Amino acid sequence: MTRSVVVTGAAGFIGSHLCERLLEEGFAVTGLDSFTDYYSPRRKRSNIAGFLGRGGFRLVEEDLTTVDLGRLLDGAEGVFHFAAQAGVRASWGKDFKPYLDSNVLATQRLLEALKDRPGSRLVHASSSSVYGETDELPTGENAATAPLSPYGATKLAAEHLLEIYRAGFGVRYRALRFFTVYGPRQRPDMAFSRFIEAGLAGRPIEIYGDGSQTRDFTYVEDAVEAAMLAYRYDGPETTFNVGGGSRTALGDVIALVAAELGVRFDVRDGERARGDVADTFADTSRARRELGFAPRVGLAEGIRNEVAWYRKHVAEREGGTSSP
Ligand code: NAD
Ligand code: UGA
């Protein structure tokens with residue numbers, strides 16, 4: 001019998017890769033997405049174009065804060081919850097509301113529905129942003145959580161809700177704290193996307209701060225692999241770091257991107273962004289031990305793939321056949 005799952009945020013960057021993987025593995029996938037306008041909904045449609053018409057995939061174009069969850073979850077053995085208002089730096093001021101709605105309220109609604117469905121599996125996309133600034137590098141899952149951004153606060157609130165519904169109702173969840181994910185279809189607000197687009201267009205790039213900030217960049221296929229492993233995991237742990245396995249300064253990334261594009265960037269110095277942490281580096285020993293997770297794609301290869309994807313998609317966009 002075909003196994004059915006629901007993916008929220010199916011048309012997003014990571015969600016669309018996850019749907020592809022699930023379909024390849026023979027799952028029937030119901031993909032929920034409301035195509036928010038945080039970035040171009042047309043770009044999200046192009047994310048799912050490759051599997052939209054394919055047998056086994058059903059798109060539900062609704063908002064998780066209002067959708068009829070009984071109907072959405074009917075027949076599904078589990079949920080991959082990847083819908084969220086993402087983006088660290090945009091979460092201040094009046095723009096906070098979608099963070100609250102999509103990251104906190106939507107997660108609480110989903111948990112209310114799952115508490116009545118014993119045995120359901122839930123893989124939740126959490127974030128390295130729950131840690132905030134830390135001296136513990138690499139950072140283990142038991143490190144203090146003190147988010148620096150309103151976005152991080154909503155991701156941490158969602159984790160607390162997961163734990164409350166586990167303790168109170170036995171909801172079986174796995175929370176994956178992803179560390180800065182990149183690769184083909186990366187969100188256009190993220191650093192690599194902005195640098196590659198600028199490089200291809202001959203525009204300057206801006207560095208927020210002095211470029212010394214470091215990130216544990218994670219290739220999207222590795223993030224998806226971790227989600228699949230977590231879905232199948234039956235052990236006692238609930239929360240896992242998912243990182244690419246190394247820590248790289250932004251300045252070094254820019255050199256790698258420039259070399260891959262064959263350009264010299266015109267670099268503008270900007271202010272360090274509020275909410276941005278100085279360093280992230282995942283201690284992934286728990287994911288390795290419990291899930292058998294090991295990142296496979298290193299930064300140079302991953303950047304090559306993202307640049308190749310952008311070259312193709314910018315060419316298509318300019319030819320009028322696609323619209324990233
Ligand atoms: P994304 O914005 O590309 O994808 C999220 C998708 O969710 C979008 O397509 C959006 O339209 C949809 N969505 C948002 N609110 C919704 C709602 N209320 N109802 C239905 N659909 C809704 O973002 P992404 O980078 O693919 O991130 C996916 C998940 O991974 C998020 O939970 C994010 O917080 C988390 N995460 C991402 C990264 C990263 O580096 N990209 C790192 C850590 C955690
Ligand atoms: C990323 C995602 O965007 C978040 O959704 C996610 O939750 C977070 O990772 C995580 O790990 O949890 P971030 O690390 O800020 O957040 O990723 P990028 O947008 O790729 O930025 C990386 C660094 O580049 C940041 O220090 C940022 O300030 C900097 N940057 C970004 C620039 O200097 N210039 C730019 O034009 C864009």
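Values in this document were obtained by computation on a predicted structure and should not be read as measured data. All ligand and atom numbering here is 1-based and tracks the order in the structure.
Looking at Val181, Ile14, Val7, Leu18 and measuring to atom 40 (O) of ligand 1, the nearest heavy atom belongs to Val181. Atom 20 (C) of ligand 1 has its nearest heavy-atom neighbour, among Ala106, Ser34, Ala125, in Ser34. Counting only non-hydrogen atoms, the option in Phe217, Tyr151, Phe35 that gets closest to atom 36 (N) of ligand 1 is Tyr151. Residue Arg187 holds the heavy atom nearest to atom 1 (P) of ligand 1 of all those in Glu62, Arg187, Met190.
A salt bridge is defined here as a Lys NZ or Arg NE, NH1 or NH2 lying under 4.0 Å from an Asp or Glu carboxylate O, and Arg203 with Glu197 fails to meet this definition. A salt bridge between Arg89 and Asp95 is absent, with no side-chain N of the basic residue lying under 4.0 Å from a carboxylate O of the acidic one. Glu159 has no carboxylate O lying under 4.0 Å from a charged side-chain N of Lys155, or vice versa, which leaves the two without a salt bridge. Using a 4.0 Å cut-off between a side-chain N of Lys or Arg and a carboxylate O of Asp or Glu, Asp101 and Arg109 do not qualify as a salt bridge.
In Lys155, the part holding a heavy atom less than 4.0 Å from any atom of ligand 1 is the side chain. Under 4.0 angstrom from ligand 1, the non-hydrogen atoms of Ser126 all belong to its backbone.
From the protein, the heavy atom lying nearest to atom 15 (N) of ligand 1 is Ser102 OG, 3.1 Å. The closest protein non-hydrogen atom to atom 4 (O) of ligand 1 is Gly12 CA, 3.4 Å. Among protein heavy atoms, the minimum distance from atom 29 (C) of ligand 1 is reached at Phe82 O, 3.3 Å. From the protein, the heavy atom lying nearest to atom 3 (O) of ligand 1 is Tyr39 OH, 2.6 Å. Of all protein heavy atoms, the one lying nearest to atom 19 (N) of ligand 1 is Leu64 N, 2.9 Å. Given atom 14 (C) of ligand 1, the protein heavy atom at minimum distance is Ala84 O, 3.2 Å. Atom 12 (C) of ligand 1 has Asp33 OD1, 3.4 Å as its closest protein atom, hydrogens excluded (heavy atom only).
Taking every non-hydrogen atom of Asp63 and a distance limit under 4.0 Å, the qualifying atoms of ligand 1 come out as 17 (C), 18 (N), 19 (N). In the vicinity of Phe178, heavy-atom distances shorter than 4.0 Å reach the ligand 1 atoms 42 (C), 43 (C), 44 (C). Of all atoms in ligand 1, listed by their number and element, those nearer than 4.0 Å to a heavy atom of Ser127 are 43 (C), 44 (C).
Annotation: Thr65 places no N or O atom under 3.5 Å from an N or O atom of ligand 1; distance criterion only. Here's the thing with Thr36: one of its N/O atoms is less than 3.5 angstrom from an N/O atom of ligand 1.
Pairs engaging residues 240-258 under the side chain to side chain donor-acceptor pair (under 3.5 Å) rule: Tyr131-Asn241, Thr214-Arg247, Arg247-Asp279 [sequence neighbours left out]. Screening residues 288-302 for side chain to side chain donor-acceptor pair (under 3.5 Å) gives Tyr233-Glu290, Thr284-Arg288 as the qualifying pairs, with residues at least two apart or on separate chains. Pairs passing the salt bridge (Lys or Arg N to Asp or Glu O under 4.0 Å) check and including a residue from residues 47-72, sequence neighbours excluded, read Arg45-Glu61.
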(message) Show, in sequence, the C-alpha distance, side-chain angles and deciding distance for Tyr219 and Glu225, and conclude whether the side chain to side chain donor-acceptor pair (under 3.5 Å) test is met.
(response) CA-CA 10 Å; Tyr219 192 66; Glu225 173 69 11; over 6 Å; no
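In this pair, Phe82 and Phe80 present their aromatic rings tilted. The plane angle is within the 30 to 60° band.
Other residues, nucleotides and ligands contribute at most 12 non-hydrogen atoms within 6.0 Å of the CD atom of Glu271.
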If you look at each N/O of ligand 2, which protein N/O atoms lie under 3.5 Å away, and at what distance?
from: ligand 2; atom 1: 3 (O); to: Arg187; atom 2: NH2; distance (Å): 2.8
from: ligand 2; atom 1: 5 (O); to: Tyr151; atom 2: OH; distance (Å): 3.4
from: ligand 2; atom 1: 5 (O); to: Arg187; atom 2: NH1; distance (Å): 3.2
from: ligand 2; atom 1: 7 (O); to: Ser127; atom 2: OG; distance (Å): 2.9
from: ligand 2; atom 1: 7 (O); to: Tyr151; atom 2: OH; distance (Å): 2.6
from: ligand 2; atom 1: 9 (O); to: Thr180; atom 2: OG1; distance (Å): 3.3
from: ligand 2; atom 1: 11 (O); to: Ser128; atom 2: OG; distance (Å): 2.6
from: ligand 2; atom 1: 11 (O); to: Phe178; atom 2: O; distance (Å): 3.3
from: ligand 2; atom 1: 11 (O); to: Thr180; atom 2: N; distance (Å): 2.8
from: ligand 2; atom 1: 11 (O); to: Thr180; atom 2: OG1; distance (Å): 3.4
from: ligand 2; atom 1: 12 (O); to: Ser127; atom 2: OG; distance (Å): 2.4
from: ligand 2; atom 1: 12 (O); to: Ser128; atom 2: N; distance (Å): 3.0
from: ligand 2; atom 1: 12 (O); to: Ser128; atom 2: OG; distance (Å): 3.0
from: ligand 2; atom 1: 12 (O); to: Ser129; atom 2: N; distance (Å): 3.3
from: ligand 2; atom 1: 12 (O); to: Phe178; atom 2: O; distance (Å): 3.4
from: ligand 2; atom 1: 14 (O); to: Thr180; atom 2: OG1; distance (Å): 2.8
from: ligand 2; atom 1: 14 (O); to: Arg215; atom 2: NE; distance (Å): 2.8
from: ligand 2; atom 1: 15 (O); to: Arg89; atom 2: NH1; distance (Å): 2.8
from: ligand 2; atom 1: 19 (O); to: Arg89; atom 2: NH2; distance (Å): 2.7
from: ligand 2; atom 1: 19 (O); to: Ala191; atom 2: N; distance (Å): 3.4
from: ligand 2; atom 1: 20 (O); to: Ala191; atom 2: N; distance (Å): 3.0
from: ligand 2; atom 1: 26 (O); to: Gln213; atom 2: NE2; distance (Å): 3.0
from: ligand 2; atom 1: 26 (O); to: Arg215; atom 2: NH2; distance (Å): 3.2
from: ligand 2; atom 1: 26 (O); to: Asp276; atom 2: OD2; distance (Å): 2.9
from: ligand 2; atom 1: 28 (O); to: Asp276; atom 2: OD2; distance (Å): 2.3
from: ligand 2; atom 1: 33 (O); to: Tyr208; atom 2: N; distance (Å): 2.8
from: ligand 2; atom 1: 34 (N); to: Glu206; atom 2: O; distance (Å): 2.8
from: ligand 2; atom 1: 36 (O); to: Arg194; atom 2: NE; distance (Å): 2.8

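Looking only at atom types and distance, the side chain of Asp189 has a donor-acceptor partner in the side chain of Tyr38 under 3.5 Å away.
A centroid separation of less than 6.0 Å is found between the aromatic rings of Phe192 and Phe217.
Remark: distances from the non-hydrogen atoms of Phe179 to ligand 1 are all 4.0 Å or more. Residue contact annotation: Tyr38 has no non-hydrogen atom under 4.0 Å from ligand 1.
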